[in-house]
Amino acid sequence: FTLTNPSASQTGSAVSIQVDTVTHTSVEMRYDNGWADIGQFIATDEWHPLTIRYPEILVTGWNVATQVMQSSAYPCQDNTISVSIVTNVPLFPSCFPMFTLSGLAGSETVDGISNINYVSTVSVGRSWMQAGDLEVAIVSEPAYSTNGTSYFSFDFVVENPGRSQHSPELTITGAFDNTTAWASTDWTSSSSVTTFSGVPTLWTSPWVDAAAWRLDTTGAQTGQYDYYMQHPLFVMQAEVYYSLAGQSSPFPCDDNVITVILQTNVPLLHKCRPVITLHGLTHIAQATDGPLDVSFWSGERQQSHISAPLSGTIQGTLDTTAGTLEVNLTSSIAYANEEVDVIFMTFSVVNEVQPALVAPSLSVTGSIESPSYSDTIPQAVVFGDDRAVIYSADPATDYTAVFTDVAITAFDATKADNVDVAVTSGDAEPLNLRDAEFSLRSISTSTPYPCDMNTITLDLRSTVPLFNNWCATQVSVSGLVATSSYDTMLDLVGATDTAEFGSVGDWHQSTGTLVMNITATVVAGADYTVEFVVWNQNEEHLESDVSIITTPSMAAAEVMNVVTSGIELEPNRVLPLVFEYANINQTSPFPCDANNEIMITLESTVPILTTCYDVNAPNANAHNVTPSVTITGLTGSVTDTSSVGITTSDGAVFDVSAGWDRATGTLEFTPIAASIAYVEYWLKFTLTNPS
């Protein structure tokens, strides 16, 4: 006959038999072990009728295991919790088997979920509680082995928190009839706990194989260790595992597009509200804080191994005092379940006027959050690209292929010639600026003569572009102190293009300074020649240094190199007026001789010019003083002042109508054209000797 076993375990009682209670006594029955070989018995006492096995949860049995696993260790991601349970007894629905999973705390899933899979076997007994409890009931009989080992599984989905966390300690308990508790489980719940927080190894660098770097769209390359799966609600610490940054220009005062490439060890989900903050933007010339456009690369350069890429342009928040740029990625991750782990972004800054004493070092932090939790992304260094490259100023439109197209090896030809000034290692490192210098800074003059018009020639080559933007760049040449040119605007001319230096320069006589305002970009590495004219002073001056500086990009002036064939043409050199010889003689020593011819022969070391600067009249007509040559000491003649006649070897040079003064014995004449240095000139006139 068939009985239904109770749900509670028990030891079978002694069974007796009797025929007639009046004439026979009962006889205890002997247990027959004839069925012992059928396999369902695991102990001899189970042969005893109505001995009911004590139900237990087994660690393993029937080649399966009791375990709880998860599908994701990523913050904010939907996480499928898979539960498998092995018991030592079949689970007959008539016993109303119930199992309770406890301790799975730390998710964002609110109370009351009932999304249990495998409902043909399992139904929800008590709905999920956010504290981490779930009760399930067996509604149909799971398969079981001959010896009674039973196995069933189910899974459900929770949402991971927006933070890292260790896995909790879990317990699984079972009961029949909602009341009969099972024995303590043999399943070791502590095996589900982990505090491991390592990060996976990045598989490659983007410039090694950019295609492979963004190839996988399944998430397999993002990196979860297999044994993360064994630790339910273990959530990885979000970290920036790989970073690289570059810039489009290392030149002071230039517009500079900064490119930042980041990869996190976990996907950044829209619902995790990820925020990335760059630090170290301390040496930029942005005038104000506030919104700053941040653009994400498009085309073939995918932003993610997992789902849709970031795209478009969003507003970051720039804080120039703190040197930070905060970028909220939430608005660029379009849908709640989209995931991003690779970020390619660009933004524009304006380089400072001079390099920092120590080049800024970029770093990145971040944050994620969910409704109940939040977490920080630890600070990580953003490594500058130290190859001999710069980065494209517009990668989203200039390039549609792989990452290597963005790192380019030549400057914009409108800024640098790429010969004398070529891309070198360090140019791509963000906010690492080049020093402004003049690799060619030569000066030459046209004349050392007093009162002469002196053409000053400057040959220049800058190591950085000089811009006519907000920097208001000026080039100043100082130290030309041996001039008589008053303060004014001097015309600029040149043997090569000089439009970049303007048409005029602002001249300051006291310091001998010419200030030129840059009106168009001076190309780095290109040669420029600028000329201007000043008047030499009328007195001797020894040569002295002349310096050059470009402001605001140079910290200190540089002494100019002199280009000359001799000392006489060095800057500020003005030669003295010296007569190589000055001779005078007469033709008669006789008293009262009316035909005494006086002959004067002169030769000077510098030209005697027709005009010189009037120090007492600094105005537009200042160079209008006529030099004069005066011969004194011809006293005693009886020739009247008006009666002397002068002849000369070159009437085109000296004015022979100059006056004779008998009383003082003085003869004065003026040049009407410049005399020539080291050329002999003579003058003759006749006096009447005294008695």
Side-chain angles (χ1 to χ4, degrees), residues 68-83 101-115 127-134 155-171 189 192-200 219 222-225 227-241 262-277 304 306-307 317 326-341 343 364-380:
V68 182
M69 299 182 68
Q70 67 177 358
S71 65
S72 173
Y74 295 150
C76 297
Q77 194 166 52
D78 289 347
N79 187 2
T80 299
I81 305 297
S82 301
V83 181
L101 174 66
S102 301
L104 197 63
S107 79
E108 282 289 358
T109 303
V110 299
D111 296 351
I113 67 160
S114 58
N115 57 340
S127 294
W128 165 262
M129 304 295 291
Q130 194 168 7
D133 294 343
L134 177 69
D155 60 57
F156 58 96
V157 178
V158 297
E159 182 181 314
N160 286 343
R163 68 167 183 181
S164 60
Q165 63 183 21
H166 305 316
S167 59
E169 184 170 346
L170 308 182
T171 58
S189 60
S192 69
V193 178
T194 180
T195 59
F196 183 78
S197 59
V199 294
T222 305
Q224 295 188 80
Y225 290 120
Y227 48 83
Y228 284 177
M229 305 300 101
Q230 301 171 18
H231 308 284
L233 282 183
F234 170 81
V235 179
M236 294 169 63
Q237 169 72 60
E239 298 180 8
V240 173
Y241 188 73
L262 304 173
Q263 184 182 5
T264 56
N265 64 324
V266 301
L268 302 176
L269 279 71
H270 176 281
K271 58 185 177 182
C272 236
R273 296 189 282 276
V275 175
I276 293 294
T277 301
S304 172
I306 305 165
S307 186
T317 301
E326 183 180 279
V327 183
N328 190 329
L329 301 178
T330 308
S331 59
S332 282
I333 306 174
Y335 304 106
N337 290 322
E338 286 190 348
E339 306 160 341
V340 171
D341 68 332
I343 302 167
V364 61
T365 60
S367 65
I368 54 175
E369 63 177 23
S370 56
S372 304
Y373 304 98
S374 63
D375 205 356
T376 58
I377 299 176
Q379 189 166 24

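- Within the model, atoms OG of Ser102 and CE of Met129 stand 11.0 Å from one another, a figure rounded to the nearest 0.5 Å.
- Interatomic distance, Ser167 OG to Leu233 CG, rounded to the nearest 0.5 Å: 8.5 Å.
- Taking 4.5 Å as the limit, every side-chain heavy atom of Val327 sits out of range of all side-chain heavy atoms of Ile343.
- For the atom pair CG of Asn328 and OG of Ser367, the computed distance is 8.0 Å after rounding to the nearest 0.5 Å.
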### Task
Determine, stepwise, if the pair Asp375 / Gln237 fulfils side-chain contact (heavy atoms from CB on, under 4.5 Å).
CA-CA 8 Å; Asp375 205 356; Gln237 169 72 60; 3.8 Å; yes
### Task
Report the C-alpha separation of Val266 and Ile368 in whole Å, then their side-chain angles, then the decisive distance to 0.1 Å, and conclude whether the side-chain contact (heavy atoms from CB on, under 4.5 Å) test is met.
CA-CA 11 Å; Val266 301; Ile368 54 175; over 6 Å; no
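- In this structure Glu159 satisfies the salt bridge (charged side-chain N to carboxylate O under 4.0 Å, His left out) test together with Lys271, sequence neighbours excluded.
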### Task
Determine, stepwise, if the pair Thr109 / Phe156 fulfils side-chain contact (heavy atoms from CB on, under 4.5 Å).
CA-CA 11 Å; Thr109 303; Phe156 58 96; over 6 Å; no
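- Side-chain atoms of Glu169 do not come within 3.5 Å of backbone N or O of Gly103 as any donor-acceptor pair.
- With rounding to the nearest 0.5 Å, the separation of CG in Leu268 from OG1 in Thr330 is 9.5 Å.
- The nearest pair of heavy atoms linking Ser370 to Gly162 is OG-N, 2.7 Å.
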### Task
Show your working on side-chain contact (heavy atoms from CB on, under 4.5 Å) between Asn160 and Cys76 and close with a plain yes or no.
CA-CA 5 Å; Asn160 286 343; Cys76 297; 5.9 Å; no
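- Using a 3.5 Å distance cut-off with no hydrogens or angles, the side chains of Asp155 and Thr80 do not pair a donor with an acceptor.
- In plain terms, the two heavy atoms of Pro161 and Ser107 that are nearest each other are CD-CA, 4.3 Å.
- At least one side-chain heavy atom of Leu104 sits under 4.5 Å from a side-chain heavy atom of Pro232.
- Once rounded to the nearest 0.5 Å, the distance linking CD1 of Ile81 with CG of Leu101 reads 8.5 Å.
- Between the CZ atom in Phe234 and the CD atom in Gln165 there is a gap of 9.0 Å [rounded to 0.5 Å].
- Residues Thr317 and Glu326 have side chains that never bring a donor and an acceptor to within less than 3.5 angstrom of each other.
- Taking each heavy atom of Pro378 and Ala238 in turn, the nearest pair found is CD-O, 3.2 Å.
- Residues meeting the salt bridge (charged side-chain N to carboxylate O under 4.0 Å, His left out) test with Glu369, sequence neighbours left out: Arg273.
- Side-chain contact between Val235 and Tyr373 is absent, with no heavy-atom pair separated by less than 4.5 Å.
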